[in-house]
Number of protein chains: 2
Amino acid sequence: MATIRDVAKQAGVSVATVSRVLNSNGYVNEDTRVKVTEAIKELNYLPNDVARSLFKRRSKMIGLILPDITNPFFPELARAVEDVANETEYTFVLCNSDNQMEKEQQYLTALKQKYIDGFIVVSSTLTTEQVHELNVPVVALDRIISPHMPSVSVQNYEGAQEAVQYLIENGCQKIAHISGPDYVDNAHARKQGYLDMVRDKDWYEDGLVVDGKYELDPAKKAATQLLEQHPDVDGIFVGNDLMAVGVLKAAEALGIKVPEDLSIIGFDGIALGETTTPALTTMGQPIYDVGSKAAELLINYIEGIPSVHSNHSFGVQIIERETVKKGGV
Amino acid sequence: MATIRDVAKQAGVSVATVSRVLNSNGYVNEDTRVKVTEAIKELNYLPNDVARSLFKRRSKMIGLILPDITNPFFPELARAVEDVANETEYTFVLCNSDNQMEKEQQYLTALKQKYIDGFIVVSSTLTTEQVHELNVPVVALDRIISPHMPSVSVQNYEGAQEAVQYLIENGCQKIAHISGPDYVDNAHARKQGYLDMVRDKDWYEDGLVVDGKYELDPAKKAATQLLEQHPDVDGIFVGNDLMAVGVLKAAEALGIKVPEDLSIIGFDGIALGETTTPALTTMGQPIYDVGSKAAELLINYIEGIPSVHSNHSFGVQIIERETVKKGGV
DNA sequence: TTATTGTGTGTAACGGGTTACATATTGTAT
DNA sequence: ATACAATATGTAACCCGTTACACACAATAA
């Protein structure tokens, strides 16, 4: 591999001049520029990013730390971040944390040693102090670590309320909720949205809220139990689509017809919901936009471009498919 | 950030000694080792990987280039590679190529400038020459670029034959095939497996093979047309699970009962197939194992450990679910 | 004419580890 | 007692771009 010194020799100039040509910095005479450009071409020279990073103390890399890329919510998010990274010539590093703080910490410090420029994190465990002492730009995604840290999320509370309202408008008489884990703030917000809509109904009781852990099988089990104990439930607002699929499976196994006997509405709008039978009605969030906005925010942050909103919250919109029986009260 | 020189000063030794302690190289007196270790702890020193990379000409990073992480086949694969990378302390870089050769090339050269140690590529366009002149270790995944290049894949041809055999054994009288794009070699192999099983049957005709582009909607359209033109088809071997879901949707829209009137078998064994109704019967491949084997192969390659098999092919196994009507001829 | 600004280019230090080589000391074999 | 290996540590070059600083020359201003 040719180095900048080889190019300098070939072009009969100094390395400084070659560097100036490479970076379009400072003064370079047009003839010299041409000579250097030719030498670069002849030698097939590509600058060494590692040497550049060492001097600049930055690497043109960003990291995305998320629980598990295997969870169907995340691929679209990851894709969005990668697209922005690619456009802006950043390298995209993907990290699966399995929601373990220890793994998150390992990624954070290991990548800091590589001069990574910033992180987008989907985490429920990371604290403001940890991020602060890391001293690397971080944008929180989908979950808010602290109001003082840039973040991108969606209107979970309002969306949950709308979802419940939608069930009510379509004639549901008793609506249950399968929730995500309480320590995940968006799960908590969605549950609150549900509760604030139903708490004062005469049919409401505490047993209508059960934890589905944001996963398919636990949600299926939880829904089975719920539906056996409360056969009069005719609507379920499920905390995310993955769990909603589990609920669908539970209803199927119990011989409960969806949507005739039971209406189900999920949250997220992942592609998986389109492939079930019946197809899942859900409160969709603009997943791709969320991801790309986070990436933009991070890169602006890194490059010192001030952003108008550092806590960005997207709206959500209902996607009407086949798991809610249409018809008013 | 403390540097190795700060540590050396603090411990009262030279940088060479600190380096020896860090890397457990050469001779270091036990007392000195302790002094240095203490200085490292006191200063909260972390070695700078960029400086290390510059000297060593390697970065402890590997890249995975795949068409699109949003395709549900890939997240599990990516997860497997990332797990191995993480265990072996490599950083995992993810690249979406959209099957465009140009994007693949960009990733390849951009990451080479960062001294990336190797690539795992899922590509149908990359040539042996390109990889050879890149001069960086590459393992081909799921698709074989050249017999001279390390690769990991599955028994596509045999699996396809078994899948067709399974349909025949379960009483199908006329079996069609929805294929992937011919330029993807595993799609081609699966089609050949199908053809070699049915070519000599009296019911066979060319119109029974249609292209579904390895995608859901194209497969749905293709299947709709196929089923309209050949209403006597009672079994379909679909080239992958994503397309099989499309076929399932097509049958549903046409009012064809699965599996009573039509048996469907897919290929891959992705999680998506478990969530459909009826759940998809498929020829499952060990996706996670394929990914982790590729990563192991690559890392051994990078670290100069000779591997027994450099072209590894995994077996496949049928996953019996609900889209094939059971019963002999 | 002299001072000043703009243009063009080179030298060398710098970023932060790694390691070849030199040197010194202790231990062991003869 | 002498020779040689093993142990222990330091100096400085090296990896390869970037840029501060110095210097030279031309053009314009005073």
Side-chain angles (χ1 to χ4, degrees), chain A residues 1-37 39-40 43-61 89 109-117 135, chain B residues 1-40 43-61 89 91 109-117 135:
Chain A
M1 280 281 87
T3 73
I4 198 171
R5 285 165 229 269
D6 299 327
V7 175
K9 188 170 291 177
Q10 172 90 359
V13 298
S14 74
V15 293
T17 300
V18 178
S19 183
R20 288 189 194 103
V21 172
L22 284 172
N23 301 292
S24 320
N25 271 346
Y27 295 112
V28 179
N29 185 50
E30 179 58 17
D31 294 349
T32 319
R33 208 189 54 69
V34 171
K35 268 195 302 181
V36 170
T37 308
I40 287 172
L43 295 175
N44 229 311
Y45 169 73
L46 286 175
N48 183 322
D49 269 342
V50 178
R52 198 172 262 178
S53 287
L54 180 58
F55 188 88
K56 295 245 182 173
R57 297 183 160 86
R58 48 215 252 40
S59 63
K60 279 254 167 189
M61 296 199 295
E89 299 188 281
T109 59
L111 289 167
K112 192 184 170 167
Q113 290 180 261
K114 288 193 182 327
Y115 279 154
I116 198 157
D117 294 332
N135 202 26
Chain B
M1 279 280 87
T3 73
I4 198 170
R5 287 165 227 269
D6 299 328
V7 175
K9 189 171 287 177
Q10 173 89 357
V13 299
S14 74
V15 293
T17 300
V18 178
S19 182
R20 287 188 195 102
V21 172
L22 285 172
N23 301 292
S24 319
N25 270 347
Y27 295 111
V28 179
N29 186 50
E30 178 59 18
D31 294 349
T32 319
R33 207 189 55 72
V34 171
K35 266 195 306 183
V36 170
T37 309
E38 277 166 5
I40 287 172
L43 295 175
N44 230 311
Y45 169 74
L46 286 176
N48 183 321
D49 270 341
V50 178
R52 198 173 262 177
S53 287
L54 180 59
F55 187 88
K56 295 246 183 174
R57 297 183 160 82
R58 49 216 250 42
S59 63
K60 278 256 170 188
M61 295 199 296
E89 299 187 280
T91 292
T109 58
L111 289 167
K112 190 183 172 170
Q113 290 179 262
K114 288 190 174 348
Y115 278 155
I116 198 157
D117 294 334
N135 202 27

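Predicted, not measured: the structure shown is a model, and the values here were computed from it. Sequence lines set the chain letters: A, B, ... in the order given, protein chains first and strands last, and positions in each chain run from 1.
Remark: A:Y27 is not in phosphate contact with C:dG10, judged by side-chain N or O atoms under 4.0 Å from OP1 or OP2.
In this structure, CD1 of B:I4 is placed 17 Å from C1' of C:dC14, rounded to the nearest angstrom. The separation between A:F55 atom CZ and C:dC14 atom C1' is 6 Å, rounded to whole Å. Counting to the nearest Å, the P atom of C:dG8 and the CD atom of A:E30 are 10 Å from each other. We find that CD of A:Q113 is positioned 13 Å from P of C:dG16, with the value rounded to whole Å. B:R58 has its CZ atom 14 Å from the C1' atom of C:dT18, to the nearest Å. Per the geometry, CG belonging to B:L43 stands 14 Å off P belonging to C:dG16, to the nearest Å. If you measure from atom CG of A:D31 to atom P of C:dT7, you get 16 Å, rounded to the nearest angstrom. The nearest whole Å value for the distance from the CZ atom in A:R52 to the C1' atom in C:dG16 is 19 Å.
B:V18 places a side-chain heavy atom less than 4.5 Å from the side chain of B:V13. For the pair B:R20/B:V36, no side-chain contact is recorded, criterion being any heavy-atom separation below 4.5 Å from C-beta on. Side-chain contact between B:K114 and A:K60 is present, with at least one heavy-atom pair separated by less than 4.5 Å. Residues B:V21 and B:T32 form no side-chain contact, since every pair of their non-hydrogen atoms from C-beta on lies 4.5 Å or further apart. Side-chain atoms of A:I4 and A:L22, non-hydrogen and from C-beta on, do get closer than 4.5 Å to each other. Between B:T17 and B:K35, every side-chain heavy-atom pair lies at or beyond the 4.5 Å cut-off.
Atom NZ of B:K9 sits in a sparse spot, with 12 or fewer heavy atoms from other residues, nucleotides or ligands closer than 6.0 Å.
Reading DNA chain D from its 5' end, the first and the last nucleotide to sit under 4.0 Å from a heavy atom of chain A are D:dC16 to D:dT19.
In terms of position on DNA chain C, the residue among A:S14 and B:R5 whose nearest nucleotide sits closer to the 5' end is A:S14. DNA chain D is contacted by both B:V15 and B:R57; B:V15 maps to the nucleotide lying nearer its 5′ end (nearest heavy atom per residue).
Contacts of B:T32 with the nucleic acid, taken as non-hydrogen atoms under 4.0 Å apart, involve only primed sugar atoms and P, OP1 or OP2. Using a 4.0 Å heavy-atom criterion, one finds that B:V50 contacts no nucleic acid atom at all.
Salt bridge present: A:R33 and A:E30 bring a charged side-chain N and a carboxylate O closer than 4.0 Å.
Less than 4.0 Å separates DNA chain C from at least one heavy atom of each of the following residues of residues 16-26 of chain A: A:A16, A:T17, A:R20.
For the atom pair CE (A:M1) and CG (A:D6), the distance works out to 10.0 Å, reported to the nearest 0.5 Å.
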